[in-house]
Amino acid sequence: MDKNTFSATDSLKTIEAAIIEAKSSKTGASFYYILWGIILFIYFIVHTIIILKPELRGTIIDTFNWVLFPIGGLLSYINKSKDQKEESYVPQLEKVYLFAFTGFAFMYAVLTFASNYLSSSIAIMFFPLIIGSTVYVVGGISKHKVSIFGGILSMLLTVVSILSEIEIQFFMASLACIASCIIPGITMRKSNV
Amino acid sequence: MFNELDPLLHSQLRLAIISLLIGLEEAEFVYLKEKTKATAGNLSLQIDKLNSAGYINVKKGFKGKYPVTICKITPKGLIAFEDYVVSIKTYIKI
């Protein structure tokens with residue numbers, strides 16, 4: 001492939017081809033969007049049902065709802081290990097996902113902490129806002145339109161959430177999981193992002 | 001007026017390596033070999049030249065039982081690439 005000299009046009013063609021090639025590299029983010037979208041959706045929808053049907057309180061569904069999180073963590077770990085073995089490159093977007101979702105996790109942790117002091121469910125109330133804004137920003141950087149729209153829709157759900165009772169807040173949080181995680185994840189998978 | 005082109009980057013393979021690394025956080029030798037379709041020997045030689053110039057950073061390690069060479073563009077390499085693109089534009093009216 002190497003030539004000592006080549007024209008300026010060849011040079012630009014080489015740059016363009018290489019950059020397009022590198023940009024088309026898969027990030028594997030769709031797996032995490034779908035997995036965590038489904039886990040959080042189940043978690044929030046189970047809470048909604050339990051609040052609406054108090055007779056389910058204390059049942060196996062209520063007691064073991066938290067088990068979803070270690071399962072998600074384990075599946076993420078297995079997938080990450082598999083990817084590290086198979087992949088021969090690290091896309092730039094991978095860092096964007098890492099920082100954006102770590103920021104989301106910190107925000108959610110702080111809101112959960114604040115909920116205990118304020119005697120209010122602000123973590124659930126603002127969940128659609130923080131997941132929506134995270135997905136919106138990442139979607140903007142990665143130019144993934146479904147993520148941008150999903151993020152906006154999710155942020156708008158916060159308005160309903162603020163004006164509603166706790167069971168609707170949980171329901172809005174579950175809808176936010178569909179709008180900003182599951183649907184963008186499925187479209188990413190289909191378009192090989 | 002034509003700007004002088006960086007001789008280190010004005011080589012098809014070296015330019016392809018740098019251009020690929022621009023869009024990635026880092027890449028393994030096998031990835032660069034697959035994308036550039038260069039021979040292992042030639043690719044290794046060009047990587048060494050870019051590494052010696054400080055344009056890329058080369059890390060050698062192991063992935064499981066197998067040896068792996070990971071390349072990453074450096075800030076110096078990024079500046080050199082940007083300068084090269086600016087210079088090449090003087091040769092073509094864009």
Side-chain angles (χ1 to χ4, degrees), chain A residues 1-32 77-103 137-138 140-144 188 191-193, chain B residues 2-3 5-39 41-47 49 59 62-66 68-73 78 81-82 84-85 87-94:
Chain A
M1 176 174 188
D2 198 20
K3 292 174 193 170
N4 285 332
T5 55
F6 64 117
S7 73
T9 316
D10 288 342
S11 178
L12 281 180
K13 278 182 188 165
T14 303
I15 294 169
E16 191 187 4
I19 289 175
I20 289 169
E21 191 67 58
K23 292 274 178 206
S24 67
S25 308
K26 273 177 74 176
T27 60
S30 63
F31 174 84
Y32 300 101
Y77 175 76
I78 292 168
N79 189 64
K80 178 96 183 147
S81 307
K82 191 177 131 251
D83 277 354
Q84 278 177 341
K85 273 185 197 162
E86 290 171 2
E87 278 177 5
S88 56
Y89 60 88
V90 179
Q92 274 180 343
L93 276 178
E94 202 154 294
K95 269 205 171 164
V96 174
Y97 287 118
L98 177 72
F99 281 101
F101 284 97
T102 309
V137 170
V138 174
I141 295 169
S142 61
K143 293 175 185 155
H144 188 248
M188 279 177 183
S191 56
N192 252 347
V193 174
Chain B
F2 296 123
N3 291 354
L5 293 171
D6 183 343
L8 206 64
L9 289 183
H10 198 60
S11 140
Q12 197 171 359
L13 183 51
R14 287 195 292 270
L15 186 61
I17 294 167
I18 286 283
S19 305
L20 280 167
L21 292 175
I22 285 279
L24 297 169
E25 189 58 34
E26 57 185 36
E28 287 178 19
F29 183 86
V30 285
Y31 175 85
L32 296 172
K33 185 172 174 284
E34 184 196 321
K35 298 298 172 190
T36 59
K37 294 181 178 70
T39 62
N42 192 15
L43 182 63
S44 183
L45 188 74
Q46 305 311 328
I47 285 175
K49 284 184 184 175
K59 264 190 310 187
F62 282 90
K63 197 178 194 178
K65 286 186 245 171
Y66 304 100
V68 66
T69 302
I70 299 165
C71 303
K72 188 176 180 171
I73 194 161
L78 197 63
F81 179 78
E82 283 170 358
Y84 180 83
V85 173
S87 301
I88 206 87
K89 279 181 182 172
T90 63
Y91 289 79
I92 307 165
K93 285 186 180 172
I94 297 178

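All chains are named by letter (A, B, ...) in the order of the sequence lines, taking the proteins before the strands, and each is independently numbered beginning at 1. Bear in mind the structure is a predicted one, so any value in this text is a computation, not a measurement.
- With a 4.5 Å cut-off on non-hydrogen atoms, B/Phe29 does not touch chain A at all.
- With a 4.5 angstrom heavy-atom cutoff, B/Val85 touches chain A only via side-chain atoms.
- Of the atoms belonging to B/Phe81, it is side-chain heavy atoms, and not backbone ones, that fall under 4.5 Å from chain A.
- No part of A/Glu16 comes within reach of chain B, as not one of its non-hydrogen atoms sits under 4.5 angstrom from that chain.
- Using a 4.5 Å cut-off between heavy atoms, A/Gln84 contacts chain B through its backbone alone, with no side-chain atom that close.
- Residue B/Ile22 holds its CD1 atom at 9.0 Å from CD1 of A/Ile15, rounded to the nearest 0.5 Å.
- The CD1 atom of B/Ile73 sits 4.0 Å away from atom CD1 of B/Ile18, with the distance rounded to the nearest 0.5 Å.
- Here the shortest heavy-atom pairing between B/Lys63 and B/Val68 reads N-CG1, 3.9 Å.
- In this structure, OG1 in A/Thr14 is found 11.5 Å from CD1 in B/Ile17, a value given to the nearest 0.5 Å.
- Atom CZ in B/Arg14 sits 13.0 Å away from atom OG1 in B/Thr36 (nearest 0.5 Å).
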